[in-house]
Protein chains: 2
Amino acid sequence: MTTLQSIYRHPLLKPEELQAIVDAHEKTVYRKGDYFLKKGQTANEYYCLEKGLVRSYVIDFSGREITTGFIGENEIIIDVMSLFQRIPSSENIQALTDCVCYRIDFETFQQLYHSIHGFSEWGRAWMSESLFRLKQRSISMITDSASERYQALIRQHPEILKHAPLKHIATYLGITDTSLSRIRKDFVSSNVGT
Amino acid sequence: MTTLQSIYRHPLLKPEELQAIVDAHEKTVYRKGDYFLKKGQTANEYYCLEKGLVRSYVIDFSGREITTGFIGENEIIIDVMSLFQRIPSSENIQALTDCVCYRIDFETFQQLYHSIHGFSEWGRAWMSESLFRLKQRSISMITDSASERYQALIRQHPEILKHAPLKHIATYLGITDTSLSRIRKDFVSSNVGT
DNA sequence: GGTTGTTCTTGTCCTATGGCAAGAAATGGC
DNA sequence: GCCATTTCTTGCCATAGGACAAGAACAACC
């Protein structure tokens, strides 16, 4: 199963429709450090990530980078608000590693979205799940300790450890890199022998 | 401008299409304490709120209620994941006051959604904005102090003060009601004479 | 392979918020 | 109006995580 097939899997998409969607994508390569989207730009496309790791972040009022998300393989690299509302992005999206991905531009997407019934159903399902995950994240910020959030993140995205510096992970968790360093030390020593 | 017209305003919706959408809703009344949706139920409709205030919440692992959102007038009362994915809801949605709202069931919605081009555009725009607001909330949990978050919430939804007990507001902000009580005291005294 | 910049760890002390408990105030039946 | 319940405030002490700074480890570049 390819990246695109796994991303677009949906019960209402017939094989030939899925094929049409897949064919609308164009393979693209990004190098570590490249930007998929910069704050202030209006997105004109989105990307399905086959290989690599990506980070999105915003700059807060005091100039500090706050990581808003990590995007892993078989996930979509997109600023929904910028792409669909045609407004300048408020976040930056940057490759943490070299990336292989599949690009589709807005116009092509729109045309497929409105001509293939199952595709707009897929789109709504994808948005629903994004909303759900984001809500889970908000709840986790409230109910879980920083250490629990760290462990959950690493469980879901172990590749982050290799490619993102502590400070990026820390701002995603809502703590300082100093604290994360201490949390990680406790975590390691509590695992000795396992 | 009625509640429904304000909620469904969209550049691609022609007046007669908007009218068809509006006509598909049925006025309903809820009493304070009533549930729009309970955890475990699968949503079969959503509601546009004309008058009143609503709270959504989940129960965490230790049995504590965590407020996940407040819904005010001219906003939509919905569990997106449950309604569109046809799965049991993980949250409870409850009226904090008597409410006047307009109900539309899933089947009717689906039919309009797929027959009126502008309506699915509207739906996607609504989802985009929901995602955006939720992301802003996550960022705010990281960059702002509890006191700043409280003040922002009250600015956006002053009616919450009258209708929600401290403990509901506190869990939404991610703090205890004790802390919120102290924060509010500081806030009041810092505003003496203004 | 040294130099420079970045990342990570660690120490010390500080602050925001939590936990718990008691009492005061408000609210809701009846 | 009275009682029971819930909500809100306050005090005391505990704790998680922050601020800052120094040094160690690592990486990158020439």
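This structure is a prediction, so every number in the text was calculated from the model and none was measured. All chains are named by letter (A, B, ...) in the order of the sequence lines, taking the proteins before the strands, and each is independently numbered beginning at 1.
- For C:dC8, the OP1/OP2 oxygens have no side-chain nitrogen or oxygen of A:Ser181 closer than 4.0 Å.
- Nearer to the 5' terminus of DNA chain D, by closest-nucleotide assignment, is the contact made by A:Ala146 (compared with the other of A:Lys32 and A:Ala146).
- Because its NZ or CZ atom is both nearer than 6.0 Å to the ring centre of B:Tyr172 and within 45° of the ring axis, B:Arg137 counts as a cation-pi partner of that residue.
- When distances are taken from the side chain of B:Thr176 to each of D:dA19, C:dG18, C:dC8, the shortest belongs to C:dG18.
- The aromatic rings of B:Phe109 and B:Tyr46 sit perpendicular to each other, their planes meeting at more than 60°, with 30° as the lower class boundary.
- Below 30°, between 30° and 60°, or above 60°: for B:Tyr8 and B:Phe119 the angle between ring planes is above 60°, a perpendicular geometry.
- To the nearest angstrom, P of D:dA24 lies 19 Å from CG of A:Leu166.
- Look at CG on B:Asp177: it is 11 Å from C1' on C:dG19, rounded to the nearest Å.
- For the pair A:Leu180 CG and D:dA19 C1', the interatomic distance rounds to 16 Å; values are reported in whole Å.
- In this structure, the CD atom of B:Glu148 is 15 Å from the C1' atom of C:dT17, given to the nearest Å.
- Atoms CD1 (B:Ile183) and C1' (C:dA16) sit 9 Å apart, rounded to a whole Å.
- A sub-4.0 Å separation between OP1 or OP2 of D:dC8 and a side-chain N or O of B:Lys167 is absent.
- Whole-Å rounding puts the A:Arg182 CZ to C:dC8 C1' distance at 12 Å.
- Cluster note: B:Ile59 groups with B:Tyr35, B:Tyr57 through ILVMFWY side-chain heavy atoms spaced under 4.5 Å, whether in direct contact or through intervening members.
- Taking only side-chain atoms of A:Ile175, from C-beta outward, the nucleotide of C:dG19, D:dG17, C:dG11 with the closest atom is D:dG17.
- Side-chain proximity of B:Pro165 to C:dT7, D:dT7, D:dG17: nearest is D:dT7.
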